[in-house]
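Whatever order the structure lists ligands and atoms in, that order sets their numbers, starting from 1. Hydrogens, waters and symmetry mates play no part in the numbers below; they use all other heavy atoms, side chains included.
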Amino acid sequence: MCGIVGIVGSSDVVHVTELLLDGLQKLEYRGYDSAGIYVTNDQKQEHLIKVKGRVADLRNQVSDDVQGSIGIAHTRWATHGEPSINNAHPHVSENGRFYLVHNGVIENYQELKAKYLSNVNFKSDTDSEVAVQLVQYFVDKDNLTTLEALRKTVSLMPDSAYGFLLIDNEQPDKLYVAKRRSPLLIALGDNFNAVCSDALAMIAHTNKFVELHDGEVAVLTSNSVDIQDGNGNHIMRDPYTVDMDASEADKGAYEHYMLKEIDEQPIVIRRHLTDYFDENKEPALEQSLINEMAQADRIYIIAAGTSYHAGLVGKRIIEKLTNIPVEVNIASEFAYNYEIISEQPFFIFISQSGETADLREVLNRINKDGYSSLTITNVKNSTLSREATYTILLKAGPEIAVASTKAYTAQISIEAILAKALGMKLNNFTAQNFDLFGQLSVVANAMQALIDQKDKLRNIAEKYFVNATDAFYIGRGIDYAVSLEASLKLKEISYLHSEGIAAGELKHGPIALIEKGTPVVGILTQENVVALTRSNLAETQARGSKVLTIAMKKFAVTNDDIVIDDVDELLTPLLSVIPAQLISYYTSLAKGLDVDKPRNLAKSVTVQ
Ligand code: AGP
């Protein structure tokens, strides 16, 4: 949930402070309630600066004389301890020797504090500060080296998630690292080495990265990287190249990442057409994956948030094209309510970041039980990708805005390609007669037609949503799945209470919430239920609601507000979600909120 970055380099050729601040800026989408930086050099000229605020506020506090040859920096999403300067990282040991940043949660920090640190004068309310005080404790009391003390410290937190970066100001040429469950990558630069939460932090300076795995520690200098496993064995691991253009991670001329990413959706679909289809316009996926999935008697989709909503759509597409039963589970529920598993299960994990802790919890169990799995993710070499049997990449480009848009439509597109490939393998009649390539080509153009209606959607947002106190999206079948996603978009960036409701359920309770002017948006793309949903809309209108409709052209009537082009009913979510994305964007904008970094949220949820 936090963004961390550390750099060790020769200060005469590397501007460590600028690299840290630039990297932290790129990681800010991971958490942004406070930030801090620590730099030092071999003359022990130290600088520790922390702010309750954004990276930009931190940058304003960093004067030109804040220089060094080694440093760590942190942008926080608070777990324990409110956002404040004292609770911001880096944290300092009591004797002022050790400096640490942390991403994750130390589950047993209170017990450790009571057992080892009862005499320590803590400066913060955080769990993270316990780690840096323990390092000092073991160096002083057990006469351990800094690395041994770090090892000892992490050995005492077996159920915790951590990415620790540690500097010992008596060894200002070494950066100490420990990782378990929280994402951390080593970046290999010219005249420097770095550690960061994800490649975005360093991609402007290098494309060479080395994975760190759970339970490993590492010691970096400006020209060496020593990775060790839990027993101190040295690990030799080849670097890999991240093929991301640094400019993809910039806003360019856009005011917000979210609008840029909404606009990029047709491009992503067209990229799928070129990368995931062969010359015969048939899906081109790993054959062993398709062969293995064809054996399944049940498919389990595990996901969270928007990715879970994409899974709900995927269920309908996969079942229609393969006739294999699919169930979609919220990761944090499934992890602790492990249902009865079928004889031949296959698990699909859907995760934009590839790091969501709730999903990792399930995947760890699935791996222990020996089941095969596929991760559909936007991040190459992410933890969920590495730990699953198979991976399919979304190829959506970096998604920076906390509110997921292009990843959602990319996930549905990939699920459709997977379903088509699997259906063909199973000689499924519907799959054989489903021209997915042609349909996705139509979708890409139809997406653009909706994206071009920004002014109309902005007017709708400003007229009916900005001053609303509640809002509802309703639909049936696949339109209900989209209603859930449409509602999440609205609530997470405009803070307007919203619900996605199965249209038929309104009369069983939720209709009591309808008041004069309450916006109720009906999604109308499924032929067998359009008329029923229109009746449900009328029932709300009779009670004063402001009805808006997103209708597919062949079912549209004259006063429908938004009309989407005709595509196969299985693929309408790729279109019907776009007006909802834009309505949420413009509602947030009109309310003067931070569209890309909404309050209380973070992009990658790496805590449970
Ligand atoms: C989406 O708008 C949200 N920011 C959030 O629900 C997100 O989809 C969820 O946290 C899952 O993230 P993942 O796809 O990276 O696993």
Side-chain angles (χ1 to χ4, degrees), residues 1 3 29-32 77 181-183 197-198 200 256-259 261-262 265 301-314 328-335 347-363 373-385 387-388 391-394 396-412 414-415 473 481-482 484-495 498 500 577-578 580-585 587-588 593-608:
M1 301 294 277
Y29 71 104
R30 303 176 66 86
Y32 33 84
W77 183 82
R181 293 188 170 173
S182 289
S197 299
D198 67 46
L200 274 177
H256 297 105
Y257 281 106
M258 185 177 176
L259 195 60
E261 290 154 10
I262 290 171
Q265 293 179 106
I301 295 177
I302 312 291
T306 285
S307 300
Y308 168 73
H309 298 150
L312 293 173
V313 175
V328 192
N329 288 281
I330 292 172
S332 55
E333 286 299 305
F334 192 87
F347 287 82
I348 300 177
F349 292 82
I350 305 178
S351 175
Q352 190 284 134
S353 64
E355 300 295 345
T356 302
D358 292 332
L359 279 78
R360 288 200 62 196
E361 190 63 29
V362 179
L363 183 51
S373 57
L374 160 69
T375 288
I376 299 174
T377 183
N378 202 27
V379 181
K380 183 179 176 185
N381 288 74
S382 57
T383 303
L384 288 166
S385 167
E387 295 177 356
T391 295
I392 300 179
L393 293 174
L394 294 178
E399 186 178 71
I400 310 296
V402 165
S404 183
T405 50
K406 65 176 180 176
Y408 172 77
T409 48
Q411 286 163 348
I412 292 171
I414 293 295
E415 286 173 307
Y473 280 89
V482 177
L484 294 170
E485 172 57 16
S487 172
L488 176 61
K489 288 283 92 53
L490 191 57
K491 71 181 82 170
E492 70 175 326
I493 67 170
S494 72
Y495 315 155
S498 170
V577 76
I578 289 178
Q581 292 170 344
L582 288 167
I583 285 170
S584 65
Y585 173 78
T587 303
S588 178
L593 301 173
D594 189 330
V595 173
D596 286 335
K597 300 189 192 73
R599 71 184 179 196
N600 306 343
L601 293 176
K603 182 64 180 174
S604 178
V605 183
T606 54
V607 295
Q608 290 190 34

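With hydrogens left out, the protein atom closest to atom 4 (N) of ligand 1 is Val402 O, 2.8 Å, a heavy atom. If you check which protein heavy atom lies closest to atom 10 (O) of ligand 1, you get Val605 CG2, 3.7 Å. When hydrogens are left out, the protein atom nearest atom 5 (C) of ligand 1 is Thr306 N, 4.2 Å; that is the closest non-hydrogen contact. When only non-hydrogen protein atoms are considered, atom 11 (C) of ligand 1 lies nearest to Ala304 O, 3.5 Å. Looking at atom 14 (O) of ligand 1, its nearest protein heavy atom turns out to be Ser307 OG, 2.6 Å. Ranking protein heavy atoms by distance to atom 3 (C) of ligand 1, first place goes to Glu492 OE1, 3.4 Å.
Gly305 and Leu488 get closest at one heavy-atom pair: C-CD2, 4.1 Å.
We find the OG1-CD distance between Thr405 and Glu485 to be 9.0 Å, quoted to the nearest 0.5 Å. Atom CD1 of Ile414 is separated from atom OG1 of Thr409 by 10.5 Å, given to the nearest 0.5 angstrom.
Neither the backbone nor the side chain of Glu355 has any atom closer than 4.0 Å to an atom of ligand 1 (non-hydrogen atoms only).
Side-chain contact between Tyr408 and Val313 is present, with heavy atoms from C-beta onward closer than 4.5 Å. By the 4.5 Å heavy-atom criterion applied to side chains, Tyr495 and Thr587 are not counted as neighbours. Using a 4.5 Å heavy-atom cutoff, the side chains of Ser404 and Lys603 are in contact.
Ligand 1 places these atoms under 4.0 Å from at least one heavy atom of Ser404: 1 (C), 2 (O). Every atom of ligand 1 is numbered from 1 in the order shown, and the set under 4.0 Å from a heavy atom of Thr356 is 12 (O), 13 (P), 15 (O), 16 (O). The distance from ligand 1 to the heavy atoms of Lys489 drops below 4.0 Å at these ligand atoms: 1 (C), 2 (O). Distances below 4.0 Å separate heavy atoms of Ala403 from the following atoms of ligand 1: 2 (O).
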Next on the checklist: Checking Thr306 against Lys489 for the side chain to side chain donor-acceptor pair (under 3.5 Å) test, could you report, in this order, the C-alpha distance in whole Å, the side-chain angles of both residues, the deciding distance, and whether it holds?
Outcome noted: CA-CA 9 Å; Thr306 285; Lys489 288 283 92 53; 3.0 Å; yes

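Distance alone, capped at 3.5 Å, is enough to place a donor-acceptor pair between the Ser487 side chain and the Ser498 backbone.
Distances between N or O atoms of Gln411 and those of ligand 1 include no value under 3.5 Å.
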